[in-house]
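Inspection log for the structure reproduced underneath, given as structure tokens.
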Amino acid sequence: MRRALKALHTLAFVLLSGGASAGEDMRLVPNRPLAIAAVAPGETVTLPLDAAPGDYLRGRLDVTAGSFDIEIVDNDGVAWRRLLDDVGLSGEFQFVAGGTPSALRLMAGPDGGAGRLTLTARLSLADQKPPAAGHDSPAIAAVAAALATGGTTDAFWRQAREAGTPLVERTEDGETLLTFVYRGAARNVRLVGAPSGDHEWLDRLDGSDIWFKSFRVPPETRFSYQLAPDVPELPGTARERRVALLATAAADPLNKAPWPADAPDRFNSKSTVTLAAAPVQPGMENTAAPAGEFIRFRLASDRLGNTRDIAIYRPKGFDSADPDAVLLVVFDGRNYQREVPTPAILDALVADGRLPPTLAVFVDNPDLATRSRELPDSADFADVLADHLMPEVRERTGFSPPPARTVLAGSSYGGLASLTVALRRPDAFGNALSLSGSYWWSPPGTSATIANRVATTERRPVRVFLAAGLFEREHGGADGILETNRHLRDVLLARGYEVAAREYAGGHDYFVWRGALADGLLALFGRGPIPMSDVKEKP
């Protein structure tokens, strides 16, 4: 039977390496690609596997025409596992060989199929061993070696203080490695805001006072973080145990770039990382105190049943009759006056001639519960902004620009709100500036995301700027902010929206959003050559 399987459709294959002819042995050999010539619709090609029970096999199918399914079949041709389904471009697969001889079977789709199949790895059960213990960080490896011969950690900590932390090193293959370290915790240390996009536990170097964790990052990386030593272990819920890190989280004592500069103590301060290739954050090059004036008032809404603080920033010399002037409405207003110095950024960009005169309206949340209720796609909230807040702004400033010169901006839920409010009320807001928008969100009890709505409703006269962090990837199997922003971008473009999209080597972080806010304003209204079609994606 194996000989029959081996001979079946042999002429459909030609070895791409080694100069073999179609009549030679056609077994799958690691890293020797097999070309799949044209296979008729619905026809199958079967390749025997030379594998013992327990062998680990990994492979890749690259399709050049049509599509394929791939499954594993036993000696009798009965399928026992589907590896890839309806592959039209490329796909990777892996499995462990069973106890009976088996083969790979490829079935061409309705348009036939052609491509290339490569077995990229085959490891016997005896070879399936973890790598030898070691450390990516040369500094950690060196101190581990010193400890093994009776040395101490004193020289390591002296060098860490002098260089500052995290340690920035190069791996053997040229990648940038960040290693976070902490000295002397008794039980544990947690890194809050790690490059993984999660909060990570540091490891303790055996027999030492060193807690550490290393991450490979892009050379354009910028982000902020804290370290939480000896996080209390609580008997409560998973969430209660997770947020317990806030009890000890503080700035890294060896980091030389704390933020913000005026934090009252180390618990209210963060440490920052800005690698040499990190992009310039426009408007942050030489920030100064805002030169304009603030108009502050409270906005009460019977429809929403609450009252909130509003702050209007009117730049010095602002002319409400200027047809080029822009109105910026920002959610989470308090944060966008503190963590993101928006007034100073606007002053700098306008003074440099990069941005038209811009009046900013900062919208606060009454409390966190209200924020979670109103910002994720509330029709009432959208109408209050358009029908109540905008007339108040006009009355207090004399400024009432058309929707095309009005932009909503925010991050996280605020990023989500910037787009959903504009889509609901394009008569008032013609631009959405979304920073790390929470587009994973869908109304309770449904799976209909904002991307679904965009795909199935009439296009609105709204221009969009989307920003997301490369460290905001999925966790636990669910799409994260990065993936859902990419999907929304593609849907918006397919529906004919004007979209600019940027990705940053950072996380869910106001330290990143300082630059992303300015990038969005320049993409939407900048006086330089920044096209709205600018779409960038990094792997």
Side-chain angles (χ1 to χ4, degrees), residues 130-233 245 247-259 261 263 265-278 471 505-507 509 511:
H135 303 289
D136 286 342
S137 165
I140 295 295
V143 72
L147 290 171
T149 58
T152 70
T153 64
D154 292 344
F156 170 83
W157 286 117
R158 185 166 55 251
Q159 293 168 2
R161 273 194 304 272
E162 292 173 356
T165 53
L167 306 177
V168 182
E169 301 173 287
R170 286 284 185 182
T171 64
E172 291 183 356
D173 53 3
E175 290 193 85
T176 301
L177 189 75
L178 295 182
T179 299
F180 298 82
V181 296
Y182 193 87
R183 186 174 197 177
R187 300 188 307 277
N188 59 61
V189 182
R190 198 161 193 182
L191 172 59
V192 184
S196 65
D198 200 2
H199 303 326
E200 297 277 359
W201 295 104
L202 272 60
D203 300 318
R204 187 171 189 170
L205 188 62
D206 290 343
S208 80
D209 56 357
I210 299 174
W211 295 82
F212 72 98
K213 194 80 168 185
S214 297
F215 302 87
R216 294 178 182 233
V217 299
E220 305 87 3
T221 291
R222 172 188 279 114
F223 66 101
S224 67
Y225 70 96
Q226 290 183 312
L227 291 171
D230 293 324
V231 177
E233 294 288 352
L245 62 84
T248 65
D252 181 347
L254 298 183
N255 180 277
K256 296 187 177 183
W259 171 72
D265 53 58
R266 64 189 181 91
F267 297 98
N268 288 281
S269 177
K270 292 186 176 183
S271 301
T272 67
V273 174
T274 304
L275 296 186
F471 302 164
D509 190 346
F511 194 62

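Heads up: numbering here begins at 1 and tracks the sequence.
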Work out which heavy atom in A249 is nearest to a heavy atom in Q226; give both atom names and the distance. CB-OE1, 3.6 Å

side-chain contact (heavy atoms from CB on, under 4.5 Å) evaluation trace for T179 with H135: CA-CA 11 Å; T179 299; H135 303 289; over 6 Å; no

For F511, does its backbone N or O pair with a side-chain atom of W259 as donor and acceptor, under 3.5 Å? no

Which pair of non-hydrogen atoms, one from F471 and one from P218, has the smallest distance, and what is that distance? CE2-CD, 4.1 Å

Measure across L227 and V189 and return the closest heavy-atom pair with its distance rounded to 0.1 Å. CD2-CG1, 4.4 Å

Less than 3.5 Å apart, which donor and acceptor atoms pair up between the side chains of residues 139-151 and the rest of the protein, not counting sequence neighbours?
| from | atom 1 | to | atom 2 | distance (Å) |
| --- | --- | --- | --- | --- |
| T149 | OG1 | A145 | O | 3.4 |
| T149 | OG1 | A146 | O | 3.0 |

Could you work out, with side-chain hydrogen bond (donor to acceptor under 3.5 Å, both in side chains) as the rule, every residue matching N188, not counting sequence neighbours? none

Run the side-chain contact (heavy atoms from CB on, under 4.5 Å) check on F212 and D203 step by step: do they pass? CA-CA 5 Å; F212 72 98; D203 300 318; 4.2 Å; yes

Which atom of A186 lies closest to which atom of R204, heavy atoms considered: O-NH1, 3.7 Å

Nearest heavy-atom neighbours spanning A263 and N268: CB-O, 3.5 Å

One pair to check against side-chain contact (heavy atoms from CB on, under 4.5 Å): N255 and Y225. What are the steps and the verdict? CA-CA 10 Å; N255 180 277; Y225 70 96; 3.2 Å; yes

R161 side, atom CZ; L254 side, atom CG - distance, nearest 0.5 Å: 7.0 Å

Please name the pair of heavy atoms, one in D509 and one in S224, separated by the smallest distance, quoted to 0.1 Å. OD2-N, 2.6 Å

With sequence neighbours excluded, residues passing ring pair (Phe, Tyr, Trp, His ring centres under 6.0 Å) with W157: none

Going by the rule ring pair (Phe, Tyr, Trp, His ring centres under 6.0 Å), which residues pair with Y182 if we only count those two or more places apart in sequence or in a different chain? none

Is the backbone N or O of D252 less than 3.5 Å from a side-chain atom of S271, with the two atoms forming a donor-acceptor pair by type? yes

List the residues meeting ring pair (Phe, Tyr, Trp, His ring centres under 6.0 Å) with F156, not counting sequence neighbours, and say none if there are none. none

Main-chain N/O of A251 paired with S269 side-chain donor or acceptor, under 3.5 Å: no

With sequence neighbours excluded, what pairs up with D206 under the salt bridge (charged side-chain N to carboxylate O under 4.0 Å, His left out) test? none

Would you mind listing every salt bridge (Lys or Arg N to Asp or Glu O under 4.0 Å) that reaches into residues 175-195, with sequence neighbours excluded? D154-R183, E175-R216, R183-D209

Report the residues that fulfil salt bridge (charged side-chain N to carboxylate O under 4.0 Å, His left out) with D136, sequence neighbours left out, ordered by chain and then residue number. none

Look at the side chain of K213 and the backbone N and O of L178, then say whether any donor-acceptor pair between them is shorter than 3.5 Å. no

According to side chain to side chain contact (heavy atoms under 4.5 Å, CB included), who are the partners of T248, at least two apart in sequence or on a separate chain? A228, P229, V231, P232

Side chain to side chain contact (heavy atoms under 4.5 Å, CB included) filter on A194, not counting sequence neighbours, yields L191, S196, E200, F215

Side chain to side chain contact (heavy atoms under 4.5 Å, CB included) partners for T176, two or more places apart: V168, R170, V217, P219, L275

Name all residues meeting the side-chain hydrogen bond (donor to acceptor under 3.5 Å, both in side chains) criterion together with S208; count only those two or more places apart in sequence or in a different chain, and write none if there are none. none

